[in-house]
Amino acid sequence: MLDIKQIRQNPEFFKKGLQAKNSGDKIEVLLELDQQRRSIVSQSDELKGIRNRVSAEIAQLKKINQTADDKISEMKKVGEKIKDLDDEIGSIDEQLNSIMITLPNMPHESVKVGRTAEENEFVREWGKKPQYDYLLKDHLDLAENLGILDFYRGAKVSGSGFPIYKAAGARLERAFINFMLDMHTEKHGYQEIFPPFMVNRESAFGTGQLPKLEDDMYRDNTDDLFLIPTAEVPVTNIHRDEIILENQLPIHYAAYSACFRREAGSYGKDTRGLSRVHQFNKVEMVRFTQPENSYEAHEELLQNAEDVLQALNLHYRIVSLCSGDLSFAAAKCYDIEIWAPGSLKYFEVSSVSNFEDFQARRANIRYRRALDGKVSYVHTLNGSGVATPRLMIAFLETYQTDEGTITIPEILQPYTGFKQIKSQSS
RNA sequence: GGAGAGAUGGCAGAGCGGUUGAAUGCGGCGGCCUCGAAAGUCGUUUCCCGACGUGUCGGGACGGGGGUUCGAAUCCCUCUCUCUCCGCCA
C-alpha cells in the first residue's frame with residue numbers, strides 16, 4: 001500500500017512511478033477524493049467536539065437533578081448530522097480504498113525504467129557454461145530414462161503440472177531442501193520456520209497477492225483459505241499487526257514450503273517438464289529490517305541465494321528487473337537465472353525482492369525506534385533460496401554423464417546418501 | 001460438530017451507561033539515593049486521523065462490524081478468535 005500523505009505531498013513522483021510500472025494514472029481521482037474526505041472529516045470532528053462538550057454538561061445537570069431536555073433534543077439533531085457525515089466519509093473511504101489497494105509499489109531509483117522483461121538489466125554472472133565432449137540430454141529424457149520423475153502418473157493422480165518424484169528423484173528433491181535449509185540456518189543466520197501452507201484472506205492481502213492475483217491461487221471456498229504460492233505469504237504475515245522492538249531487528253527467517261500456483265492463462269508456455277508446474281518446493285528467506293538498512297540487506301539476501309548455487313557449482317546469471325517487469329509489491333528485484341546445458345536455456349530459480357514499506361503498510365508491521373520510541377513501518381524483503389524444480393533441471397542436465405547417469409557433487413552426498421543416480425528399477 | 005466461558009495498554013488484570021485513554025501490579029524509560037548495583041523512592045510510559053508557527057489544539061480507537069442512547073470499554077445484534085468439557089479424528 002502506498003502512503004496517501006506522501007501522494008498528497010508529491011503527486012508527480014507517484015504519477016511517474018505508476019507509469020514506469022505500466023499502471024494507469026489514478027492519482028488525480030485519488031487526490032480529489034482525499035480532499036473531499038478531509039473536508040468532511042473536519043466537519044464531523046467539529047460536531048463531535050460539540051457533542052462531547054454538551055454531553056458532559058448534561059451529565060452535570062443530571063447529577064444535580066436538573067432537567068436537560070432542551071440540550072438533549074439539540075444533541076439528538078447534532079447526532080443525526082454526524083451520522084450523515086460519517087456515512088459520507090464511509091462511502092468516500094470505500095472509493096479511496098478500492099483505488100489504493102490496486103496501486104503497485106513505486107520502483108526504487110536504481111531500477112531501470114522499461115516496459116517488459118526484454119529490458120531487464122544484466123548484473124553479473126557466476127561460473128561458466130560447462131563444456132562436454134558428449135551429446136547432452138535435457139532433464140526430461142534424463143529423468144524418464146532414470147525413472148526418477150513421473151509426469152504421466154502425476155497427471156493421472158492430480159492433473160498436469162503435478163509431477164511425482166520417485167526413488168532417487170524423491171530423495172534428491174529432499175536433499176536439495178535440507179541442504180538449502182541447513183545452509184541458511186547454520187551459515188547465514190536465519191531462523192527456521194515451518195509455516196502453514198494455507199492462509200486466510202488478510203494474509204494474502206498483506207503481502208500483495210490480493211486482490212490482483214486471486215485467480216492465480218488455489219482456493220478453498222468453504223473456509224475462504226488460499227494455498228500459498230510462496231512461503232513469503234505466511235512467513236511475512238507472522239508479524240502482521242505487530243509492533244516489533246528495534247533491538248529485535250533485523251529478523252531473518254528461512255522456510256521450506258510447498259508452493260501452489262494455478263498459473264491461470266499460462267498454458268502453452270513452458271508446459272513441458274519441470275519448468276512450470278502447479279505444485280513445487282521452495283526454500284524462502286524473509287527479512288524484516290529498519291528502512292535505512294533494507295538495501296544493504298537486499299544485496300546480502302541475493303548473496304545468500306547465490307551461495308546455494310555456488311556450493312553446487314552451477315552456472316547462473318543475475319538480472320535486475322526493469323520497472324515494468326517488477327511485481328506488484330516490489331520496489332526492486334533481482335532474478336537469478338540458472339543455466340541448463342541440456343535445454344540450452346537459463347531458468348529463473350530465484351527472485352530476490354525489496355518491498356520497502358509496501359507490504360508492511362498493508363500488513364501493518366511496524367517497529368518501535370530505540371532512539372525516540374516512535375513507531376514506523378519496517379521494510380520487508382524476501383528471496384527464494386531457491387525453488388527446486390528449475391534447480392532440478394539445471395542440476396540433472398549439468399551433472400549428467402555420457403551414459404545418462406547423474407553424478408552427485410560431494411557437498412550434496414551427505415544429503416542424498418548416494419554418489420550417483422543410475423536407472424531406477426520400477 | 002454440541003455445550004459453556006472469555007477477548008481491555010508491551011504483559012498480567014480491574015472497570016460493566018456520564019472528567020476512564022482507561023485503576024492496580026509487572027515490565028520499560030528518567031531522576032534521587034549509592035563508590036557502583038540491588039532494594040527503596042519520585043516521576044514518566046498507547047496508537048491512528050486532521051488543523052495550524054512540530055508544539056499545541058480537535059477528533060477517533062477497550063477483538064472486527066452494526067445497533068440502542070444526548071452520551072457506550074460498559075446494553076443489544078452479528079462475525080472472528082481463544083479457553084474448558086463432550087463428540088470426531090492423523
Side-chain angles (χ1 to χ4, degrees), chain A residues 1-9 30-101 194-206 210 219-226 234 237-249 251 258 288 357 360-378:
Chain A
M1 195 94 87
L2 300 175
D3 183 358
I4 186 72
K5 275 186 272 186
Q6 284 173 25
I7 296 177
R8 207 185 285 151
Q9 282 160 12
L30 213 55
L31 289 176
E32 173 62 28
L33 286 167
D34 177 54
Q35 182 53 48
Q36 281 180 37
R37 182 180 186 281
R38 279 182 297 150
S39 153
I40 298 170
V41 164
S42 77
Q43 289 174 48
S44 172
D45 281 357
E46 197 176 324
L47 291 179
K48 282 173 183 167
I50 292 170
R51 180 174 68 183
N52 287 345
R53 243 172 289 125
V54 177
S55 286
E57 289 167 24
I58 292 170
Q60 290 305 313
L61 290 173
K62 293 255 177 185
K63 213 172 242 170
I64 55 174
N65 273 323
Q66 289 194 10
T67 125
D69 291 354
D70 51 337
K71 285 186 193 295
I72 287 175
S73 69
E74 197 185 323
M75 284 310 101
K76 197 170 182 130
K77 277 184 213 146
V78 170
E80 279 161 13
K81 182 69 183 160
I82 289 171
K83 194 174 175 348
D84 287 347
L85 290 171
D86 284 353
D87 285 348
E88 228 175 305
I89 293 165
S91 107
I92 291 174
D93 275 345
E94 237 170 82
Q95 296 175 57
L96 262 175
N97 204 249
S98 70
I99 297 173
M100 287 299 286
I101 63 173
F194 204 123
F197 291 178
M198 301 187 90
V199 294
N200 59 29
R201 197 163 269 282
E202 290 72 27
S203 294
F205 177 81
L210 290 180
R219 177 176 163 198
D220 166 29
N221 285 299
T222 310
D223 295 311
D224 203 27
L225 292 171
F226 298 86
N237 277 282
I238 286 174
H239 295 294
R240 175 152 51 82
D241 292 320
E242 289 186 7
I243 298 174
I244 302 163
L245 294 177
E246 185 167 11
N247 64 21
Q248 291 172 340
L249 294 175
I251 295 171
F288 301 80
D357 63 3
R361 199 167 249 118
R362 292 191 148 225
N364 195 28
I365 307 170
R366 297 174 295 173
Y367 76 105
R368 190 178 298 282
R369 290 206 299 257
L371 185 69
D372 55 7
K374 294 276 185 251
V375 173
S376 326
Y377 290 106
V378 299

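Letters A, B, ... are given to chains in the order of the sequence lines, protein chains preceding strands, and every chain is numbered from 1. None of the values given here were measured: they were computed from a predicted structure.
- At least one side-chain heavy atom of A:K62 sits under 4.5 Å from a side-chain heavy atom of A:I72.
- Note: CD (A:E94) to P (B:G66) measures 11 Å, nearest angstrom.
- Rounded to a whole angstrom, the distance from the C1' atom of B:A39 to that of B:G53 is 48 Å.
- In this model, the phosphate group of B:C47 is approached by a side-chain N or O of A:R368 to a distance below 4.0 Å at OP1 or OP2.
- When the shell of 6.0 Å around CD of A:E46 is examined, it contains 12 or fewer heavy atoms from other residues, nucleotides or ligands.
- Nucleotide B:G27: paired with B:U45 (Watson-Crick or G-U wobble, both distances less than 3.5 Å).
- Following rounding to the nearest Å, A:E202 (CD) and B:G63 (C1') show an atom-to-atom distance of 13 Å.
- Between the CE atom of A:M75 and the P atom of B:G17 there is a distance of 24 Å, rounded to whole Å.
- Side-chain nitrogen and oxygen atoms of A:K71 include none within less than 4.0 Å of the OP1 or OP2 phosphate oxygen of B:G71.
- Checking the phosphate oxygens (OP1, OP2) of B:G59, no side-chain nitrogen or oxygen of A:K48 falls inside 4.0 Å.
- Looking at heavy-atom distances under 4.0 Å, A:V375 makes contact with sugar-phosphate atoms alone, never a base.
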Decide yes or no on side-chain contact (heavy atoms from CB on, under 4.5 Å) for A:M75 and A:V78, but give the supporting numbers first.
CA-CA 5 Å; A:M75 284 310 101; A:V78 170; 3.8 Å; yes
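- Between A:I4 and A:A56, the residue whose closest nucleotide on RNA chain B is further toward the 5' end is A:A56.
- Side-chain atoms of A:R8 lie closest to B:G50 of the nucleotides B:C47, B:G50, B:G60.
- To the nearest angstrom, C1' of B:A61 lies 14 Å from CG of A:D241.
- In this structure, A:G79 reaches neither bases nor backbone, as no heavy-atom distance under 4.0 Å exists between it and the strands shown.
- Looking at A:D45, its side chain has no donor and acceptor atom pair within 3.5 Å of the base of B:G50.
- Base pairing annotation: B:G9 forms no Watson-Crick or G-U wobble pair, as no partner gives both donor-acceptor distances under 3.5 Å.
- A salt bridge links A:D224 and A:R219; the closest N-O separation between the charged side-chain nitrogens and carboxylate oxygens is under 4.0 Å.
- Looking at A:S55, its side chain does come within 3.5 Å of a backbone N or O of A:R51 through a donor-acceptor pair.
- If you measure from atom CD of A:Q9 to atom P of B:G50, you get 10 Å, rounded to the nearest angstrom.
- Straight-line distance between the C1' atoms of B:A22 and B:A12: roughly 16 Å, to the nearest whole Å.
- The separation between A:R361 atom CZ and B:C47 atom P is 17 Å, rounded to whole Å.
- Pairing for B:A39 is absent, judged as Watson-Crick or G-U wobble with the two contacts each under 3.5 Å.
- Rounded to whole Å, the separation between the P atoms of B:U20 and B:G1 comes to 44 Å.
- Summarising the base pairing, B:C83 is matched to B:G4 through a Watson-Crick or G-U wobble pair whose two defining distances lie under 3.5 Å.
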Given A:M100 and A:I7, is the side-chain contact (heavy atoms from CB on, under 4.5 Å) satisfied, shown in steps?
CA-CA 11 Å; A:M100 287 299 286; A:I7 296 177; 4.3 Å; yes
Apply the test side-chain contact (heavy atoms from CB on, under 4.5 Å) to residues A:D3 and A:Y377: give CA-CA distance (whole Å), side-chain angles for both, the deciding distance (0.1 Å), then the verdict.
CA-CA 11 Å; A:D3 183 358; A:Y377 290 106; over 6 Å; no
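- In this structure, A:R366 reaches the B:C48 phosphate: one of its side-chain N or O atoms is under 4.0 Å from OP1 or OP2.
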Take nucleotides 78-83 of chain B nucleotide by nucleotide from the 5' end and write B, S or -, depending on whether a protein heavy atom sits under 4.0 Å from the base, only from the sugar-phosphate, or from neither.
------
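- In this structure B:U56 sits in a base pair with B:A51, meeting the Watson-Crick or G-U test at under 3.5 Å.
- Looking at A:E202 and A:R240, no side-chain N of the basic residue comes within less than 4.0 Å of a carboxylate O on the acidic one, giving no salt bridge.
- B:C48 atom C1' lies 13 Å from atom CG of A:D93, rounded to whole Å.
- A donor-acceptor pair shorter than 3.5 Å can be found between the side chains of A:S203 and A:N200.
- The C1' atoms of B:A3 and B:G59 are separated by 43 Å, rounded to the nearest whole Å.
- Considering only side-chain N and O atoms, A:R38 lies nowhere under 4.0 angstrom from the phosphate OP1 or OP2 of B:C49.
- Phosphate contact (OP1/OP2 of B:G59, side-chain N/O of A:N52, threshold under 4.0 Å): present.
- Here A:K83 reaches the OP1 or OP2 of B:G67: one of its side-chain N or O atoms lies under 4.0 Å away.
- Comparing the same atom, P, in B:G6 and in B:G63 gives a spacing of 14 Å after rounding to whole Å.
- Spacing of C1' atoms, B:A51 relative to B:U34, comes out at 49 Å, to the nearest Å.
- When the C1' atom is compared between B:G55 and B:U74, the two are found 35 Å apart, to the nearest whole Å.
- When the P atom is used for both B:G15 and B:C32, the distance is 39 Å, rounded to whole Å.
- Atoms CG (A:D34) and C1' (B:G50) sit 11 Å apart, rounded to a whole Å.
- With B:G60, B:G59, B:C48 as the candidates, the nucleotide lying closest to the side chain of A:R51 is B:G60.
- Checking B:A73 for Watson-Crick or G-U wobble geometry (two distances, each under 3.5 Å) identifies no partner in any strand.
- Between A:D70 and A:E74, every side-chain heavy-atom pair lies at or beyond the 4.5 Å cut-off.
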